[in-house]
Chemist: 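This is the structure, below, for whatever I ask next.
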Amino acid sequence: LCPEIKSAHYSYHIEYMAGQLTRRGGDVTIVFDEFDPIKQERLLCSQAAMVDGILTYSQILSLPKGIDIPIVGISGKQAGATMDVVNINMEKAMMQAVSCLYNKGHRHIAYIGEKLTVARKNIFCRAMQKWGLPVENIIESDQRFEAAGEYGVARLCEEKSKATAVFCAY
């Protein structure tokens, strides 16, 4: 179960996981909920009757009653849902990324994100503050994925930014 496949982000993960499952003799069906909780519930109920388990990249707030197959959530908090979750520690990853850039001599690091990455922007700002670096060149786009990155880089160039490194978030 995946929210969308409009960029390399989800397509890479899905292709990798599908390949791993197929090599182990599994069959893979990919369905998209388009960030719609009603569609998500309908898909979970219909798919649960036909599969041995569900791997989801979508955030599931609550599981519909009667689903008794394994469900594993990847990289998202599954608030309220009783399921296994593989979480990514974004705080630790961001701190390590800024530390690495700092240790390589970067003192002006830009941030490019989109409207769905506000939490990542906040973590970035904390990481910059931890290293005593100026929080500048924060660019948020109304566009998504690669288009947001292209927009942000164009803005940095237009503004003649002092940034020597750019952190892009999805």
Side-chain angles (χ1 to χ4, degrees), residues 1-17 20 30 32-41 44 54-63 71-170:
L1 179 62
C2 188
E4 63 188 0
I5 193 160
K6 296 181 181 177
S7 80
H9 177 76
Y10 288 119
S11 59
Y12 169 79
H13 290 281
I14 291 169
E15 184 178 329
Y16 176 80
M17 292 303 289
Q20 293 295 314
I30 302 166
F32 303 97
D33 65 25
E34 300 166 345
F35 296 100
D36 180 344
I38 295 169
K39 184 174 183 181
Q40 181 184 86
E41 183 173 345
L44 283 169
I54 294 176
L55 180 63
T56 179
Y57 288 91
S58 292
Q59 184 174 8
I60 298 174
L61 298 177
S62 64
L63 289 174
I71 299 178
V72 177
I74 301 290
S75 73
K77 294 177 181 166
Q78 307 296 337
T82 305
M83 57 189 289
D84 292 319
V85 178
V86 178
N87 253 334
I88 296 171
N89 186 334
M90 190 57 65
E91 183 100 19
K92 183 176 181 181
M94 188 82 69
M95 292 293 175
Q96 288 176 338
V98 171
S99 170
C100 178
L101 292 171
Y102 181 89
N103 290 332
K104 291 182 180 290
H106 297 281
R107 299 299 183 263
H108 298 277
I109 305 168
Y111 172 92
I112 299 173
E114 58 177 76
K115 59 188 173 190
L116 296 177
T117 62
V118 174
R120 289 182 176 98
K121 177 189 75 174
N122 295 338
I123 296 169
F124 172 79
C125 291
R126 286 195 300 274
M128 294 291 284
Q129 290 167 350
K130 176 182 177 185
W131 286 99
L133 299 174
V135 177
E136 56 191 6
N137 296 311
I138 302 291
I139 299 172
E140 293 180 286
S141 173
D142 290 334
Q143 301 175 57
R144 307 272 324 272
F145 304 111
E146 291 87 351
E150 291 171 8
Y151 168 82
V153 170
R155 287 254 328 266
L156 289 172
C157 291
E158 288 168 9
E159 297 170 3
K160 297 184 178 17
S161 167
K162 295 189 300 184
T164 58
V166 179
F167 188 93
C168 298
Y170 164 73

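Residues: numbered from 1 along the sequence shown.
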Chemist: So Ile74 and His13, do their side chains get closer than 4.5 Å, heavy atoms only?
Modeler: no

Chemist: Test side chain to side chain contact (heavy atoms under 4.5 Å, CB included) on Thr164 and Arg107 and set out the steps.
Modeler: CA-CA 7 Å; Thr164 58; Arg107 299 299 183 263; over 6 Å; no

Chemist: Mind checking side-chain hydrogen bond (donor to acceptor under 3.5 Å, both in side chains) for Lys39 and listing every partner two or more places apart, or none if nothing turns up?
Modeler: Glu34

Chemist: What ring-ring contact (aromatic ring centres under 6.0 Å, His included) pairs are there with at least one residue in residues 86-109, not counting sequence neighbours?
Modeler: Tyr102-Trp131

Chemist: Does the side chain of Arg126 come within less than 4.5 Å of Glu91's, by heavy atoms?
Modeler: yes

Chemist: Mind checking side chain to side chain contact (heavy atoms under 4.5 Å, CB included) for Glu159 and listing every partner two or more places apart, or none if nothing turns up?
Modeler: Asn137, Arg155

Chemist: Starting at CD1 of Ile54, measure out to CG of Leu44 and round the result to the nearest 0.5 Å.
Modeler: 5.0 Å

Chemist: In Å, rounded to the nearest 0.5 Å, how long is the span from CD1 of Ile5 to CD1 of Ile14?
Modeler: 4.0 Å

Chemist: Looking at side-chain heavy atoms only, is the closest gap between Ser161 and Val166 below 4.5 Å?
Modeler: no

Chemist: When rounded to the nearest 0.5 angstrom, what is the spacing between CD1 in Ile109 and CE in Met128?
Modeler: 4.5 Å

Chemist: Partners of Val118 by side chain to side chain contact (heavy atoms under 4.5 Å, CB included), sequence neighbours excluded?
Modeler: Asn122, Glu140

Chemist: What's the separation between atom CD in Glu150 and atom OG in Ser141, rounded to the nearest 0.5 Å?
Modeler: 10.0 Å

Chemist: Name all residues meeting the side chain to side chain contact (heavy atoms under 4.5 Å, CB included) criterion together with Thr117; count only those two or more places apart in sequence or in a different chain, and write none if there are none.
Modeler: Tyr111, Glu114, Arg120, Ala169

Chemist: If you define the side chain from C-beta out and look only at heavy atoms, does anything of Val98 sit under 4.5 Å from Phe167?
Modeler: no

Chemist: Quick one: list whatever passes side chain to side chain contact (heavy atoms under 4.5 Å, CB included) with Val153, sequence neighbours left out.
Modeler: Ile112, Cys157

Chemist: Within the 4.5 Å heavy-atom criterion, are Asp142 and Tyr151 side-chain neighbours or not?
Modeler: no

Chemist: Enter the distance from Phe145:CZ to Leu116:CG here, rounded to the nearest 0.5 Å.
Modeler: 8.0 Å

Chemist: Taking side chain as C-beta onward, heavy atoms only, is Met17 less than 4.5 Å from Leu55?
Modeler: yes

Chemist: Going from SG on Cys168 to CZ on Phe124, what distance comes out if it is rounded to the nearest 0.5 angstrom?
Modeler: 10.0 Å

Chemist: Could you check whether Arg144 pairs with Glu4 (Lys NZ or Arg NE/NH1/NH2 to Asp/Glu carboxylate O, under 4.0 Å)?
Modeler: yes

Chemist: Taking atom CD as the centre, does Glu15 end up with more than 12 heavy-atom neighbours from other residues, nucleotides or ligands that are less than 6.0 angstrom away?
Modeler: no

Chemist: Is the number of heavy atoms from other residues, nucleotides or ligands under 6.0 Å of Asn89 CG greater than 12?
Modeler: yes

Chemist: So which heavy atom on Cys125 is nearest to which on Val135, and how close?
Modeler: SG-CG1, 3.6 Å

